[in-house]
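To start, the structure under review is shown below, and the notes come after it.
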Amino acid sequence: MSWFIVHFAQIVFYFLAACTVAGAIGVVGFRSPVNAALSLLGTFMAVAGLFVLMHAEFLAAVQILVYAGGVMVLFLFVIMLVRVRTIPEEPQYLRSLAPAALGVGGLLAVLVGAGLWAAAQAPLANPAALRQVQGLTLGNTEAVGWSLYRDYLLPFEIVSIVLLVAMIGAIVMGRKEPGKEGGA
Amino acid sequence: MITTTHYLMLSLVLFTLGVVGMVVRRNFITVLMCVELILNAANINFIAFSRQLGDLTGQVFAVFVITIAAAEAAIGLGIIIALVRLKQTVNLDQVNVMEG
């Protein structure tokens with residue numbers, strides 16, 4: 001029992017990591033887009049749990065709200081709207097897997113090297129630093145808000161413009177052209 | 001003790017699965033989902049390093065990444081709707097409008 005308590009963080013990490021990877025494999029492997037979307041939902045949930053484990057509580061909430069709540073509903077609605085089942089599935093997979101595997105493998109090697117090098121550069125910091133605002137220990141949400149609205153105000157505004165442009169673009173593309181009959 | 005390396009390895013697996021899916025799958029909707037996987041892997045990296053360095057910048061950038069991901073999903077799905085209206089397919093092999 002004490003072993004369980006001592007290793008609780010590890011157990012949670014490995015459980016969430018397994019859920020993340022299993023969901024990702026489901027996204028790549030399932031033929032039906034609905035199944036793939038539900039696997040993706042599992043991945044999003046598990047990643048939110050990992051965020052909590054990394055002392056990013058605010059981001060875990062945002063992950064659930066934006067991904068599981070917004071993006072996932074969008075995906076499911078589009079899958080429903082386009083009636084993918086009536087669309088012929090073949091050919092499903094790319095024929096030449098060897099170049100793809102080679103490219104991904106090379107990329108992977110570079111990334112592993114860079115990540116391990118970077119991870120070895122600094123010791124693990126005190127997690128309380130992620131909850132502090134000007135020396136005061138408040139909470140992760142307050143700290144992220146402080147940083148977002150004070151240090152990164154201009155990027156924040158630019159990102160809001162990006163969202164506006166994306167919204168207008170999506171509306172324009174999704175709209176039926178005037179004077180044209182028929183649709184999806 | 002869960003180190004940053006653990007998180008990097010996990011994000012690496014997630015990223016690789018995303019890239020493999022993006023290259024291998026022919027369904028536009030699934031390809032978009034794979035892009036989401038890749039962005040999630042990037043977020044795990046951002047937050048893992050934020051945790052290691054005790055610096056909130058990583059978390060702020062993860063907020064930006066999530067925003068961009070939402071915008072990308074909206075645009076991508078808008079493209080899918082327009083594509084289905086135009087070609088009645090979401091299979092990327094059959095979409096060669098630009099090639100003529």
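As the structure is a computational prediction, the values presented were derived from the model and not from experiment. Labels below follow one simple rule: chain letters A, B, ... track the order of the sequence lines, proteins then strands, and each chain is numbered from 1.
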Most chain A-contacting option - heavy-atom pairs closer than 4.5 Å, from [options]:
options                      : value
Thr57(B), Val31(B), Asn43(B) : Thr57(B)
Val19(B), Val13(B), Ile47(B) : Ile47(B)
Val20(B), Thr3(B), Ile79(B)  : Ile79(B)

Where is the tightest heavy-atom contact between [X] and [Y], given as atom of each residue plus distance?
X         : Y        : answer
Ala170(A) : Ala74(B) : CB-O, 3.7 Å
Ala143(A) : Leu56(B) : CB-CD1, 3.2 Å
Ala24(A)  : Leu17(B) : CB-CD1, 3.5 Å

Close side-chain approach of [X] to [Y], heavy-atom, < 4.5 Å:
X         : Y        : value
Ile79(A)  : Ile29(B) : yes
Met173(A) : Ile81(B) : no
Leu14(B)  : Thr20(A) : yes
His6(B)   : Tyr14(A) : yes
Leu50(A)  : Leu10(B) : yes
Tyr67(A)  : Leu39(B) : yes
Asn40(B)  : Gln63(A) : yes
Ile44(B)  : Val47(A) : yes

With a 4.5 angstrom heavy-atom cut-off, which part of [X] approaches chain B: side chain, backbone, both or neither?
X         : value
Asn140(A) : side chain
Leu53(A)  : both
Phe13(A)  : side chain
Val144(A) : both
Leu40(A)  : side chain
Phe156(A) : both
Ile158(A) : neither
Thr43(A)  : side chain
Val21(A)  : both

Report summary line: Looking only at Ser39(A), Ala37(A), Ala9(A), the option with the highest number of non-hydrogen pairs under 4.5 Å against chain B is Ala37(A)
Query - Exam field: side chain Arg51(B) to backbone Ala56(A), donor-acceptor pair closer than 3.5 Å - result: no
Query raised in the report: Can you check side chain to side chain contact (heavy atoms under 4.5 Å, CB included) on Val60(B) and Trp146(A), steps first, answer last?
Result: CA-CA 10 Å; Val60(B) 173; Trp146(A) 186 268; over 6 Å; no
Should [X] and [Y] be counted in the same cluster of Ile, Leu, Val, Met, Phe, Trp and Tyr side chains packed under 4.5 Å apart?
X         : Y         : result
Leu163(A) : Val172(A) : no
Tyr149(A) : Val62(A)  : yes
Val73(A)  : Leu65(A)  : no

Requested in this report: Test Val78(A) against Val84(B) for side chain to side chain contact (heavy atoms under 4.5 Å, CB included), laying out the working first.
Outcome: CA-CA 10 Å; Val78(A) 168; Val84(B) 168; over 6 Å; no
Query - Intermediate values then yes/no, side chain to side chain contact (heavy atoms under 4.5 Å, CB included), Ile68(B) and Val162(A) - result: CA-CA 8 Å; Ile68(B) 298 298; Val162(A) 167; 4.0 Å; yes
